[in-house]
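What follows is one structure encoded as structure tokens, with my remarks underneath.
When a residue number appears, it is its place in the shown sequence, counting from 1. Computed from a prediction, not measured in an experiment: that's the story for all the values here.
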Amino acid sequence: MTPPGPSTAEQIADVPVALDPTVLALRRVHRAVAELRRGTPVVISGPDGCLVVAAAETVGARGLGELAEAALTAPVLLLAPVRAAAVLQRPVPHAAEDEGAVALRLPPALLAPEALRSLADPVAERLLPEQPERVTAPALAQPAIALAKLGRLLPALVAAPATEGAAARLGLLGVQAADVLGYPASAATSLARVAEARVPLEDAAEARIVAFRAADGGIEHLAILVGTPEKTAAEGGAPLVRAHSECFTGDLLGSLRCDCGPQLRGAIARMARDPAGGVLLYLAQEGRGIGLVNKLRAYTLQDQGLDTLDANRALGYGADERNFLVAATMLRAVGVERVRLLTNNPDKIEGLSACGIEVLGREAHVFDPNGINDGYLKTKALRFGHLLPE
């Protein structure tokens, strides 16, 4: 009788696993983002040491206790310079060594969850018993701010230097600063097609949707293919392309605060009429990359008198936080590398060109103001440089 061979599980266990360093780095950053979002500290490591950080808007008493256990010195609050200026109620000169972050010393009265949230969020009611003092930003402040932004959190963190063994000793997640800073490019280039289906649309009966997912397992991006743009590209032509950042309020609810809904539907209808077809990239980059929650906060600030650019900055974000490498990777995956770009934004032309996509021309994509978004469109023209009629 022949002895039984190894089981399938045993055979799998005997196969050596090739660990991809890029995928491992993406996993670590994605996990660190999840920890920050749930209020748990993480430890960022780099050539200059270690920094234990927690998100000011989510950290609670337990997280602050864990941070205190890991800290070598009293914690500080890291903020973007424009947010720090609002908290201190005075201009904050940006020193090169700050690397885009300002550190504020926190007296004991401000080391409490409610006080930290009021310091982080310009929309929150501000009831501060003491005024924080500016101090030198610690090493690794820049990747700390970047990590919060990756989580679509307010870029405001409680931070303190820590020992190398702090993460292991306290069961905290550790992540390398270089992995955090390299995450946007690594995630974009790891995008892969995961699903595709024919989906007839109201304005384009011949349409397909292709879903893309990055190696970190994050939110999917979508490509809507109208007609046969791959055939056009294979024959040397250039289909219409629009890079459209998702807008829950405008695309789905019909918000009148922006022009996103008309731009989305108008682009699909226009591609359906074009013999070359088109590709609409529906990118998971809500609010120019700040996320839906922060976009709602920005709307509140706009109702208080700020325009869309200054509202983003007041939250601690840049005017535009989007990553055009995502769009370029998706276009290559569907076989389109020469395009006619449907946009009013010169930055999209520059961004896609910098990522190796050949932009043969720009086609305007303008819709009339509706009486509510007039100021928004004016800001896009005057402060973002969009090519809109006067």
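With 3.5 Å as the limit, one finds no donor-acceptor pair spanning the side chains of Thr58 and Arg38. Looking only at atom types and distance, the side chain of Asp251 has a donor-acceptor partner in the side chain of His244 under 3.5 Å away. A side-chain N or O of Thr308 and one of Arg288 form a donor-acceptor pair less than 3.5 Å apart.
For Lys380, the side-chain hydrogen bond (donor to acceptor under 3.5 Å, both in side chains) criterion is met by Asp259, not counting sequence neighbours. The ring pair (Phe, Tyr, Trp, His ring centres under 6.0 Å) check on His221 picks up nothing, with sequence neighbours excluded. Contacts of Thr228 classified as side chain to side chain contact (heavy atoms under 4.5 Å, CB included), with partners at least two apart in sequence or in another chain: Lys231. For Glu69, there are no side-chain hydrogen bond (donor to acceptor under 3.5 Å, both in side chains) partners, not counting sequence neighbours. Legend: residues meeting side-chain hydrogen bond (donor to acceptor under 3.5 Å, both in side chains) with Glu114, ordered by chain and number and at least two apart, are absent.
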Would you mind writing out the side-chain donor-acceptor pairs for residues 70-81 within the sub-3.5 Å range, not counting sequence neighbours?
none

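Judged by the 6.0 Å distance and 45° axis criteria, Arg257 is positioned over the aromatic ring of Tyr299.
Salt-bridge formation is detected for the pair Asp310/Arg383: a Lys NZ or Arg NE/NH1/NH2 atom is positioned less than 4.0 Å from an Asp or Glu carboxylate oxygen. A salt bridge does not link Glu358 to Arg340: none of the charged side-chain nitrogens sits closer than 4.0 Å to a carboxylate oxygen.
A donor-acceptor pair is defined here as one N or O able to donate and one able to accept, closer than 3.5 Å; no such pair exists between the side chain of Arg338 and the backbone of Ala238.
The heavy-atom pair separating Ser245 from Gln285 by the smallest distance is CB-O, 3.4 Å. A pairwise comparison of heavy atoms in Leu153 and Ala55 identifies CD1-CB, 3.8 Å as the closest pair. In terms of heavy-atom proximity, Val279 sits nearest to Val336 at CG2-CG2, 4.3 Å.
One hydrophobic cluster, built from ILVMFWY side chains closer than 4.5 Å, holds both Val210 and Val339. Under the 4.5 Å side-chain heavy-atom criterion for ILVMFWY residues, a single connected hydrophobic cluster contains both Leu331 and Val359. Phe324 and Ile357 end up in different hydrophobic clusters when Ile, Leu, Val, Met, Phe, Trp and Tyr side chains are linked at under 4.5 Å. Leu222 and Leu225 fall into different hydrophobic clusters, defined by Ile, Leu, Val, Met, Phe, Trp and Tyr side-chain heavy atoms under 4.5 Å apart, directly or through other members.
Surrounding CD of Glu350 are at most 12 heavy atoms belonging to other residues, nucleotides or ligands under 6.0 Å away.
Side-chain contact between Val59 and Leu67: absent, with no pair of heavy atoms (C-beta onward) separated by less than 4.5 Å.
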